[in-house]
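Single-structure report; data block below.
When reading the values below, keep in mind they use all heavy atoms of this one structure, side chains included, and skip hydrogens, waters and symmetry mates.
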Amino acid sequence: MFDQEQQIIEAKIRGFCAQNEIPLAELKWSPIPFSGEWGISTSFFAAAALEARAGKKIQVPQRAQEIAEQIKVQIGSVDGISRVEAVKGYLNLYFETSEYARRVVDEVLASGADFGRGASKNERVMVEYAQPNTHHSFHIGHARNTILGEALARLVQFAGFDTIRASYPGDIGLGVITILWAYDKFYKGQEPQGIHERGQWLLKIYVEATALLEPKENETPAEKSRREAYDAERREMYRKWDAGDKYVRDLWLKTREWSLEELRDILRILNVKMDVWFFESDADEPAKEIVDELIARGIADDERPQGGAVIVKIDEKLGLTKEKYRTNILLRSDGTTLYLTKDLALAKQKFEQYHVDRSIYVVDVRQSMHLQQAFAILKLWGFPQADKCYHLGYGFVSLPEGAMSARRGRVVLFKDVLDEAIRRVLAVESEKGPDVPEEDRKKIAEQIGLGALVYSMLAVDNSRDIVFDINEALSFDGRTGPYIQNAYVRANSILKKASAPPANMPPATFDYELDSHEVQLIELISRFPDTVQQAANEYRPLVMASYAYDLANAFHSFYHAVPVLQTDNENVRAARLRLVAVAKQTIANALRLLDIQAPEVM
RNA sequence: GCCCCUGUAGCUCAAUGGAUAGAGCACCUGCCUUCUAAGCAGUAGGUUGUGGGUUCGAAUCCCGCCAGGGGCGCCA
């Protein structure tokens with residue numbers, strides 16, 4: 001926002017350094033800490049250190065301070081800059097407060113929902129996420145994946161990337177067949193009512209089937225032979241699926257659709273609009289096709305003549321002497337494909353059909369090795385996009401009693417947590433939100449409950465594991481989603497009372513003595529565009545989650561300490577109303593990027 | 001055996017080379033006849049696992065060690 005002033009000053013600094021033969025490194029600007037005023041700061045330690053290394057006998061900190069002081073004199077006065085100071089090796093430039101506040105507020109009011117949006121980067125990115133296996137219910141671990149992926153997609157899109165959202169559900173595999181087998185054998189023709197009930201029922205069948213198919217300790221010969229008979233039936237079913245048997249395929253499609261209906265409903269609740277669906281079952285044929293090409297190119301080695309598989313010795317092909325990517329298999333000795341094969345075929349499709357420049361995989365960190373192998377093979381294959389494939393790994397979500405396990409039925413379902421969240425919000429809403437109209441309660445309870453859950457998932461860095469504690473995830477106090485939503489609601493409340501919609505907000509000047517809370521609030525608002533870029537560049541929704549809390553915190557403090565409607569001075573009142581409108585807008589934009597809704601009242 | 005991640009306040013987590021390591025929870029103290037108390041203000045809490053190194057400057061980068069988690073040819 002002060003780019004012009006910054007450029008003028010940079011030019012002066014460069015000129016001075018060139019004249020005096022001071023080796024200047026790159027100028028890095030940052031906000032001035034602890035000042036309670038706005039400004040930017042740069043330091044001269046790097047320049048002084050370069051001089052020291054060149055043989056000058058100097059103390060680096062003292063020399064940095066000396067340079068800063070000289071430059072301070074050189075700069076003199078610049079329009080829009082109220083004062084310049086040199087302290088501890090830093091050069092601090094303070095902006096004129098009224099001018100700065102006016103620029104920030106005017107820009108946000110003019111941009112509205114687009115405040116913070118980055119210029120188009122002319123680069124297409126695909127984010128792959130929200131991909132549970134079908135025939136299972138959606139649990140809280142899937143929720144972490146989906147929320148992380150959606151927040152990331154929103155961030156990169158708002159930052160200026162052309163963005164495609166893709167889901168790649170695992171709709172086939174032994175687990176899926178196990179459910180088909182048990183359904184067909186014990187529950188044929190049954191179908192519970194309700195999208196989520198039906199999905200959860202399939203999960204129950206899976207638990208039962210696993211118990212029947214897993215070897216038990218001390219099992220009797222009769223139990224053993226029954227189990228083996230069941231297992232043979234299951235394998236036969238898998239063979240029939242593979243052969244395209246109509247009965248098995250129809251059964252599979254019907255039950256798969258049950259799962260997909262449930263998944264689509266959850267995506268609807270989470271406000272996720274997927275652009276592309278890739279199904280694992282569809283990747284099988286293309287996967288087989290790429291194997292011959294990889295052999296022909298000398299990337300893969302065919303050991304089938306020796307009774308082996310088709311493999312890629314990744315380290316050897318890359319010319320690495322130390323083991324890093326190791327070796328992986330593309331085709332089993334029986335000729336069937338693997339996860340890696342399908343992922344390679346899918347990547348090819350992303351590059352060639354969707355013209356993706358960057359490809360982000362939001363996948364459990366335990367698959368890190370697998371994806372590194374896939375990216376390495378894509379590079380060997382000659383795809384330049386391989387360098388811009390990125391695995392956004394995240395730690396897994398476990399329960400206080402241990403890891404979640406679908407096959408043992410030990411999972412916490414997303415839908416159950418959401419229902420509980422709504423119950424809890426409704427319970428406190430009558431007490432804390434008496435202004436909430438009766439007919440809106442359910443809707444607002446969902447927004448707040450979901451806000452709490454979503455924020456708890458985004459407020460932890462993705463490299464960390466989460467032990468899911470429902471009381472923590474649904475907490476409404478402190479550093480939480482509802483805390484941020486509440487700041488939005490309070491801002492909205494002031495504006496409603498003032499009956500001053502942003503569109504016809506009267507102009508005002510910030511030429512009065514600003515309260516420190518106003519200074520802090522404007523400071524944070526002005527940082528929003530940079531925060532968008534940082535979060536998108538680092539692929540880290542956490543950056544935005546932290547920012548949103550800080551912004552809400554600044555607003556709550558402002559709200560408490562600074563009167564808006566009760567101010568006598570007309571100009572001050574008008575200026576503060578504009579500031580409230582701008583804070584509301586920025587909180588809304590931040591929440592939107594986090595996939596958290598902003599209720600008007602709560 | 002090799003590779004990856006994690007270790008920061010009692011607990012859960014921020015801060016990725018800069019000025020004084022920050023929040024929340026829990027604990028304690030104040031603040032609702034005043035724009036919504038799902039809030040605000042304050043007290044207290046730290047040899048950043050450990051030992052070296054690089055640097056003017058290290059929680060952050062490098063090396064060793066300790067502790068916990070995850071992964072490593074026909075699962076996904």
- Roughly how many Å is it from CZ in Phe278(A) to P in rA76(B), rounded to a whole number? 19 Å

- Is there a side-chain polar atom (N or O) of Arg490(A) under 4.0 Å from OP1 or OP2 of rA37(B)? yes

- Message: Side chain of Leu565(A) only, heavy atoms from C-beta on: which candidate in rC35(B), rG39(B), rC40(B) is closest?
- Response: rC35(B)

- Note on the structure: Among the nucleotides rA76(B), rU36(B), rC40(B), whichever has the atom closest to the side chain of Glu280(A) is rA76(B)

- Which part of the nucleic acid does Val365(A) contact within heavy-atom distance under 4.0 Å: base, sugar-phosphate only, or nothing? nothing

- rA58(B) versus rC13(B) - spacing of their P atoms, nearest Å: 28 Å

- Note on the structure: By the Watson-Crick or G-U definition, both distances under 3.5 Å, rC32(B) is matched with none

- Query: Counting side-chain heavy atoms from CB outward, which of rG24(B), rU55(B), rA76(B) is closest to Arg53(A)?
  - Reply: rU55(B)

- Query: Can you tell me how far C1' of rA37(B) sits from CZ of Phe476(A), to the nearest Å?
  - Reply: 16 Å

- Please work out if Ser493(A) contacts a base, only the sugar-phosphate, or nothing of the nucleic acid, heavy-atom cut-off 4.0 Å. base

- In Watson-Crick or G-U wobble terms, with both distances under 3.5 Å, the base opposite rG51(B) is rC63(B)

- Nearest-angstrom distance, P atom, rG51(B) to rA9(B): 16 Å

- Would you mind reading off the distance between Asp477(A) atom CG and rA26(B) atom C1', rounded to a whole angstrom? 12 Å

- Reckon Leu174(A) touches a base, only the sugar-phosphate, or nothing at all at heavy-atom distances under 4.0 Å? nothing

- Item | Base-pairing mate for rG45(B) - Watson-Crick or G-U, with both contacts under 3.5 Å | none

- Message: Check the phosphate of rG57(B) against Arg63(A), side-chain N and O only, distance under 4.0 Å to OP1 or OP2. Yes or no?
- Response: no

- Task: May I ask you to say what Arg332(A) touches in the nucleic acid, namely base, sugar-phosphate or nothing, with a heavy-atom cut-off under 4.0 Å?
- Result: base

- Between rA41(B) atom C1' and Phe558(A) atom CZ, what is the distance in whole Å? 17 Å

- Message: Classify Val489(A) by what it touches in the nucleic acid, base, sugar-phosphate, or nothing, heavy-atom distance under 4.0 Å.
- Response: base

- Nucleotide nearest Gln367(A) when distance is taken to its side chain, options rC5(B), rA76(B), rU36(B): rA76(B)

- Among rU36(B), rA19(B), rC2(B), which nucleotide sits nearest the side chain of Glu323(A)? rC2(B)

- Task: Measure the acute angle between the ring planes of Phe558(A) and Phe555(A), then classify it against the limits of 30° and 60° as parallel, tilted or perpendicular.
- Result: tilted

- Item | Lys443(A)/Glu446(A) ion pair, N-O < 4.0 Å | no

- Under a 3.5 Å limit for both distances, which nucleotide forms a Watson-Crick or G-U wobble pair with rC25(B), could you say? rG10(B)

- Task: Decide if atom NZ of Lys72(A) counts as having more than 12 heavy atoms of other residues, nucleotides or ligands within a radius under 6.0 Å.
- Result: no

- Using whole Å, report how far CZ of Arg479(A) lies from P of rC11(B). 19 Å

- Message: Could you tell me if Arg527(A) sits above the aromatic ring of Tyr547(A), with its cationic atom closer than 6.0 Å to the ring centre and no more than 45 degrees from the axis?
- Response: no

- Message: Tell me the interatomic distance from Met369(A), atom CE, to rC74(B), atom C1', rounded to whole angstroms.
- Response: 15 Å

